[in-house]
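Sequence lines set the chain letters: A, B, ... in the order given, protein chains first and strands last, and positions in each chain run from 1. A quick note: this is a predicted structure, and the numbers were derived from the prediction, not measured.
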Amino acid sequence: MIASVIVDVPAKQTDRPFDYKVPLRFQGIIKTGMRVVVPFGPRKIQGFVVDFQQESSFDKLKEIEEVLDIVPVLNSELLSLSQWLSEETLCFRISAMQVMLPAAMKAKYEKIFHSLVSPEELPQTVLSSLNREGCLSWQDAVGKGMLKILQQLVTDGKMDLRYQVKNKTNLKKIRIITLAKSEEESRNLVETLSLAAEKQKKVLNYLLISPENKRSVQETKLETTVSDSTIKTMLKKGYLTESYEEIYRDPFEHRSFARSVSFQLTDQQRAAIEPVLKAVDQYDHTTFLLHGVTGSGKTEIYLQTIEKVLSQNRQAIMLVPEISLTPQMVERFKGRFGEQVAVMHSGLSVGEKYDEWRKIHRKEVNVVVGARSAVFAPFEKLGVLIIDEEHESSYKQEDAPRYHARDVAIERAKRHGCPVILGSATPSLESFARAQKGNYQLLTLSKRMNNQPMPQVTIIDMREELRDGNRSMFSRELLAQLQERLDKNEQTVLFLNRRGHSSFIMCRDCGYVMQCPHCEVSMTYHRNAEKMKCHYCGEEAQVPSTCPECQSEHIRYFGTGTQKVEEELTKLVPQARVIRMDVDTTTRKGSHEKLLSAFGEGQADILLGTQMIAKGLDFPNITLVGVLSADTMLHLPDFRSAEKTFQLLTQVSGRAGRHDKEGEVVIQTYTPEHFSIDLAKTQNFELFYNQEMAMRKIGQYPPFYFMALINISHENVLKVVSVSEEISSLLKQKLSSQAVILGPVASPIARIQNRYRYQCLIKYKKEEGLKPLLKAILNDYQSAKKDSVMIHIDVQPYIMM
DNA sequence: AGCACGCCGACT
DNA sequence: GTCGGCGTGCTC
């Protein structure tokens, strides 16, 4: 029997199956979708079995060396999905497979020197470095500067170098002790032990009352106040046996979730959920666009759909933009479905993610709530896939495989015969256009639950404030409102919409901003390390005290702006208690959640922050939302900037008055006439949609056109330019006259890690030959040759960089 | 991606 | 003459 294996080498030339003989001992054990270790050239690497064959066209087959799984980690659906994904996003098959699994399962490799001769034959220096088995890892050898000697020993045949796949079991294990003898004998033992062995008796008695006469060592020590040495003695004497049990890391340990039950739906909600439930019943893969204003109860629709799905013994995937930001969402899901929920998001450690994944894989849970990659959860009977806040850009992965979770969800729904729900108060233009065309089915929730009014939104023209001599960041209106909330003991959220998220250093005399020497980006100031860092290549530098350009001492730190706002706040309203949320205050794990819950408990009057506070915040006492500068995002060179501005303003406005108290919103801006700001006032999505669609049509942008972005980079500018020109003219020549080819132009970030970057943008409506052409371009230019350029292609890009 | 193989310049 | 630089091609 012969297995076809996709090997763990993400490169053009290895992006195909390699055949291996299946040794007798693995026959009947190896299945497709399992990870294996195979010899590949001189090394050993990991691979995925994708197929079996009777024979191979290759005649010098090697054997599969090792099997890493008992149960396939990729089922047949995910295997075929990986094929689809690699074709769709033009990525390597192995990358498509890797993205479906938790990072912990990605193989790590190790090179180890093994001694082949008796110790006397080796030099003393080498000998002292070897471990008990006569081995030394390549890494240690490098660290000790012994590579040269070892290489000599290898050529002399005294040692050899072996390649290993690190099979790190990421299982968290705990030490368990069990009574070694029967209960009867153990009880006798308690009687017969000497008086001095008081602690040992304690342990025996404790285990006698424990279920199955076993306990974790940790618990035992805690309960009986004995030390390790006691247990060690008892093990030695044979009173106890020890073993290890695998446990799950529980990211929500020490937290309990109040059980909740379904709410009575409003008429609107019932009308919206009905077609969804019907689709679930009929195994119909309709995509629904649930357009519901903020506070209209979309979540309850999700929850009740999932309930239905679970009642049919099927499973559900629920995607949220970034779950660590919405602990309230986790709470609602855990509250409703309890132990049946796995949670997957970027805030978890590698091990925690692995554990959550295994719960799904072993069918211990039926619901997963998670960020983008949770769309690949290995469920086998999906009943629904839900994408909340579907317009969020975080559903698009920005490195290979450059997929959009929405597309993957729709593709999986097809394979499982189940509906997809895309939910948002401000749908992306693409989705809404599809709903208008009838590709998606539109469901609308126009009213808030309990019929609360939408918050009152006031737009403040900051130019007028300035004209009237108010130079502060706060308009008189906002300040007055703020004061009012303080008096009434209600809470305020202040939102600073700032371009970017990081802080930098600028000279106030000459405008110098510290740039990374290898990348065309400014370096970021890191407060805790007191260093400048480049976010693209990791370059570090000292914080300058004088300007390197003009020697001025007026070189200043520009924070996220939140500190400045905070300073001003303490001057204007000194009695207010402020919680600031920005990169500086939320770097530590869980700090987000802590700050939010502190605010929720009323420990502060004002929550001040950037983008990160826009979502999921739902506290009854928030009655005022202030947006300090609505237009900073509007002037970014991005055709989606108006859409993003409108979405953001609508989202933040939705934070106010979600419960019985009415909410007000104050938006400060320098361009009140812009339609994305003007329409955020009434939160009129349809009007905004129509206007923005007109703009997109004129500009030939999505959803009227599809896009593909080709990024070409090389250390030599001339090389990049010439190749870019070649590609561009090839595109112009091969594509239809309908297609628009922009560029080549230098990328917005013109250089990263000393590589110059150019790009071509293709806008097209229908282009049958595009995929093959792009593949051909990748094949031609992405060769293994030394001097070749690097090419990335992003189909339907979100960020134009 | 690694790694070996092989072809050219600068040294004992 | 050989050591070692990097460009080229292969890995079942």
Side-chain angles (χ1 to χ4, degrees), chain A residues 1-27 30 32-68 79 86 90-99 101 103 105-114 137-139 141-142 147-157 159-166 399-401 713-716 719 723 753-755 778-792:
Chain A
M1 196 167 56
I2 289 153
S4 296
V5 175
I6 298 287
V7 294
D8 180 22
V9 182
K12 190 78 235 134
Q13 291 145 301
T14 49
D15 189 27
R16 61 186 172 86
F18 285 81
D19 291 346
Y20 288 88
K21 274 192 277 197
V22 179
L24 220 53
R25 65 183 189 283
F26 292 146
Q27 288 190 14
I30 294 191
T32 55
M34 281 186 180
R35 294 170 306 153
V36 290
V37 174
V38 291
F40 197 66
R43 18 180 213 149
K44 296 203 171 51
I45 57 173
Q46 196 185 83
F48 290 85
V49 177
V50 291
D51 204 3
F52 290 107
Q53 254 126 24
Q54 283 314 306
E55 45 194 283
S56 170
S57 53
F58 197 86
D59 54 359
K60 286 174 291 191
L61 292 182
K62 293 186 183 173
E63 285 193 343
I64 286 179
E65 179 125 343
E66 202 180 324
V67 184
L68 293 175
L79 274 178
S86 72
L90 300 166
C91 73
F92 303 126
R93 182 86 190 273
I94 189 70
S95 313
M97 295 173 128
Q98 224 93 263
V99 80
L101 298 172
M105 293 179 82
K106 208 182 149 176
K108 293 264 193 313
Y109 299 98
E110 214 175 12
K111 291 190 278 188
I112 294 173
F113 290 102
H114 286 249
S137 79
W138 176 282
Q139 272 233 294
V142 172
L147 269 192
K148 198 101 192 162
I149 314 174
L150 288 165
Q151 241 157 18
Q152 188 55 50
L153 288 167
V154 170
T155 35
D156 293 350
M159 294 191 87
D160 71 351
L161 183 58
R162 295 180 206 170
Y163 299 80
Q164 281 182 15
V165 177
K166 249 197 210 170
D399 39 48
S713 69
H714 193 269
E715 285 184 15
N716 183 342
K719 179 99 188 165
V723 171
Q753 292 213 49
N754 282 330
R755 300 181 71 91
L778 281 175
N779 264 329
D780 288 355
Y781 292 98
Q782 206 181 44
S783 57
K785 284 187 190 140
K786 186 70 204 273
D787 204 36
S788 76
V789 295
M790 210 192 312
I791 297 197
H792 289 152

Would you kindly give the [atom1]-to-[atom2] distance between [X] and [N], to the nearest whole Å?
{"X": "A/K108", "N": "B/dG2", "atom1": "NZ", "atom2": "P", "answer": "13 Å"}
{"X": "A/Q13", "N": "B/dG2", "atom1": "CD", "atom2": "P", "answer": "13 Å"}
{"X": "A/K106", "N": "B/dA1", "atom1": "NZ", "atom2": "P", "answer": "11 Å"}
{"X": "A/D8", "N": "C/dC12", "atom1": "CG", "atom2": "P", "answer": "15 Å"}
{"X": "A/F92", "N": "B/dG2", "atom1": "CZ", "atom2": "P", "answer": "13 Å"}
{"X": "A/F18", "N": "C/dT11", "atom1": "CZ", "atom2": "C1'", "answer": "6 Å"}
{"X": "A/I45", "N": "B/dA1", "atom1": "CD1", "atom2": "C1'", "answer": "9 Å"}
{"X": "A/K12", "N": "C/dT11", "atom1": "NZ", "atom2": "P", "answer": "18 Å"}

Heavy-atom check, side chain of A/F18 versus side chain of A/V38, under 4.5 Å: no
Please classify the nucleic acid contact of [X] as base, sugar-phosphate, or nothing, using heavy-atom distances under 4.0 Å.
{"X": "A/K60", "answer": "sugar-phosphate"}
{"X": "A/F40", "answer": "base"}
{"X": "A/P17", "answer": "nothing"}

Is_stacked (A/F58, C/dC12) at 5.5 Å, 30 deg: yes
OP1 or OP2 of B/dC3 under 4.0 Å from side-chain N/O of A/K111: yes
Pairwise side chain to side chain donor-acceptor pair (under 3.5 Å) hits with a residue in residues 40-54 of chain A, at least two apart: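 As it turns out, the side chain to side chain donor-acceptor pair (under 3.5 Å) pairs with a partner in residues 40-54 of chain A, which skip direct neighbours, are A/S4-A/Q53.
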Mutual orientation of the aromatic rings belonging to A/W138 and A/F113 [parallel < 30°, tilted 30-60°, perpendicular > 60°]: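 Aromatic pair A/W138/A/F113 classed parallel.
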Whether over 12 other heavy atoms sit under 6.0 Å from A/Q27 CD: yes
